[in-house]
Amino acid sequence: GVADGVGGWRDYGVDPSQFSGTLMRTCERLVKEGRFVPSNPVGILTAGYCELLQNKVPLLGSSTACIVVLDRTSHRLHTANLGDSGFLVVRGGEVVHRSDEQQHYFNTPFQLSIAPPEAEGVVLSDRIVHLGILNANPLCNSWNRTCLQSQFFCCSFLDKPSWCKSSTNSNYESIQQTARSIAEQAHELAYDPTYMSPFAQFACDNGLNVRG
């Protein structure tokens with residue numbers, strides 16, 4: 001699972017990572033406790049969000065969310081995605097599927113929120129029913145060796161990645177190295193003022209001259 005806190009909360013003295021981090025830790029705990037159905041990642045996210053809403057300790061913020069479940073019993077991939085976080089299915093060095101972004105308008109993704117009482121109805125908060133859902137054998141007709149070599153990545157910043165061809169193995173060390181390569185490339189590109197990132201491209205599409 002991946003959740004990306006909405007940075008605008010910083011302007012109100014709220015750490016954007018608190019809401020997203022707590023949401024994912026709550027979902028993780030529910031899964032570890034066995035309180036989930038593999039074919040229903042929406043249920044995991046719903047339960048986690050509801051627990052945050054009922055928490056006696058005040059927590060403010062907003063977040064996108066993406067949960068992917070690989071059911072080893074049925075050999076199917078189940079996903080729930082809200083906002084502009086998302087996932088890629090990579091097979092044979094190629095991206096064979098990617099989730100769709102959900103945006104109200106530029107730089108305003110669908111999101112789950114907890115607002116202070118005085119701001120309820122003003123702060124944007126989408127309902128779980130807006131989740132983009134994929135419940136499918138991951139884009140192949142039979143569960144075979146090709147599918148077992150697929151890799152699934154959750155992210156909130158990547159376009160067609162240049163690291164796709166860097167790994168063809170599905171062992172832990174290979175997947176770990178691919179994840180590290182993603183992080184290192186993201187860190188490097190974050191300091192490139194001319195890089196046409198997906199965000200920069202989307203900005204240009206909306207009439208804003210943005211690079212990097």
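Heads up: numbering here begins at 1 and tracks the sequence.
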### Task
Measure across L88 and R98 and return the closest heavy-atom pair with its distance rounded to 0.1 Å.
CD2-CB, 3.4 Å
### Task
Just do the side chain to side chain contact (heavy atoms under 4.5 Å, CB included) check on R211 and C204 with the steps written out, would you?
CA-CA 9 Å; R211 294 289 187 276; C204 289; 3.4 Å; yes
### Message
With a 4.5 Å cut-off on side-chain heavy-atom distances among I, L, V, M, F, W and Y, is there a chain of contacts connecting L30 to I114?
### Response
no
### Query
Who pairs with F202 by ring-ring contact (aromatic ring centres under 6.0 Å, His included), at least two apart in sequence or on another chain?
F106
### Message
To the nearest 0.5 Å, what is the distance between CG on N206 and CD on Q103?
### Response
9.0 Å
### Any S74 side-chain heavy atom under 4.5 Å of D71 side chain
yes
### Query
Do V68 and V96 belong to the same hydrophobic cluster, where Ile, Leu, Val, Met, Phe, Trp and Tyr are linked whenever their side-chain heavy atoms lie under 4.5 Å apart, directly or via other members?
yes
### Any side-chain heavy-atom pair of L82 and T64 under 4.5 Å
no
### Query
Excluding sequence neighbours, so at least two apart, what forms salt bridge (Lys or Arg N to Asp or Glu O under 4.0 Å) with E28?
K32
#### Entry: Test item: L112 and L23 side chains (from C-beta on) under 4.5 Å apart, heavy atoms
yes
### Message
Testing the basics here: between Y12 and G8, what is the closest heavy-atom pair and its distance to 0.1 Å?
### Response
CD1-O, 3.6 Å
### Query
Do the non-hydrogen side-chain atoms of V69 and P38 ever get within less than 4.5 Å of each other?
yes
### Query
So which heavy atom on P41 is nearest to which on I67, and how close?
CB-CG2, 3.8 Å
### Query
Out of curiosity, does I44 fall in the hydrophobic cluster containing L53 (side-chain heavy atoms, cut-off under 4.5 Å, transitive links)?
yes
### Task
May I ask you to test the D84-Q102 pair for a side-chain heavy-atom distance under 4.5 Å?
no
### Task
Evaluate the ring planes of H97 and F87, with Trp represented by its six-membered ring, and classify them as parallel (under 30°), tilted (30 to 60°) or perpendicular (over 60°).
tilted
### Message
Among residues at least two apart in sequence or on other chains, which ones pass side-chain hydrogen bond (donor to acceptor under 3.5 Å, both in side chains) with R10?
### Response
none
### Query
Rounded to the nearest 0.5 Å, how far apart are CG of L70 and NE2 of H75?
8.5 Å
#### Entry: Sub-4.5 Å side-chain heavy-atom contact between S63 and M24
no
### Task
Report the residues that fulfil side-chain hydrogen bond (donor to acceptor under 3.5 Å, both in side chains) with R35, sequence neighbours left out, ordered by chain and then residue number.
E33
### Query
Is there side-chain contact between Y49 and L45, with at least one heavy-atom pair below 4.5 Å?
no
### Message
Any donor-acceptor pair under 3.5 Å linking the side-chain atoms of S17 with those of D15?
### Response
yes
### Message
Can you tell me how far apart CG (N40) and OG1 (T46) are? Round to the nearest 0.5 Å.
### Response
7.5 Å
### Task
Identify the two heavy atoms, one from C66 and one from S85, that lie closest to each other, and give their separation to 0.1 Å.
CB-CB, 4.2 Å
### Query
Any sub-3.5 Å donor-acceptor pair from Y195's side-chain atoms to E188's backbone N or O?
no
### Task
Output all residues satisfying side-chain hydrogen bond (donor to acceptor under 3.5 Å, both in side chains) with D100, sequence neighbours left out; order by chain, then residue number.
none
#### Entry: 4.5 Å side-chain heavy-atom contact, V6 and P16
no
### Task
Find the distance between CD (Q111) and CG (D4) and round it off to the nearest 0.5 Å.
10.5 Å
### S113-S62 side chain donor-acceptor pair, cut-off 3.5 Å
yes
### Task
Supply the atom-to-atom distance I175 CD1 to R180 CZ, rounded to the nearest 0.5 angstrom.
14.5 Å
### side chain to side chain contact (heavy atoms under 4.5 Å, CB included) partners of T22, counting only residues at least two apart
R25, T26, L52, L59
### Task
Say whether L208 and F199 are linked into one hydrophobic cluster, either directly or through other cluster members, by side-chain heavy-atom distances under 4.5 angstrom.
yes
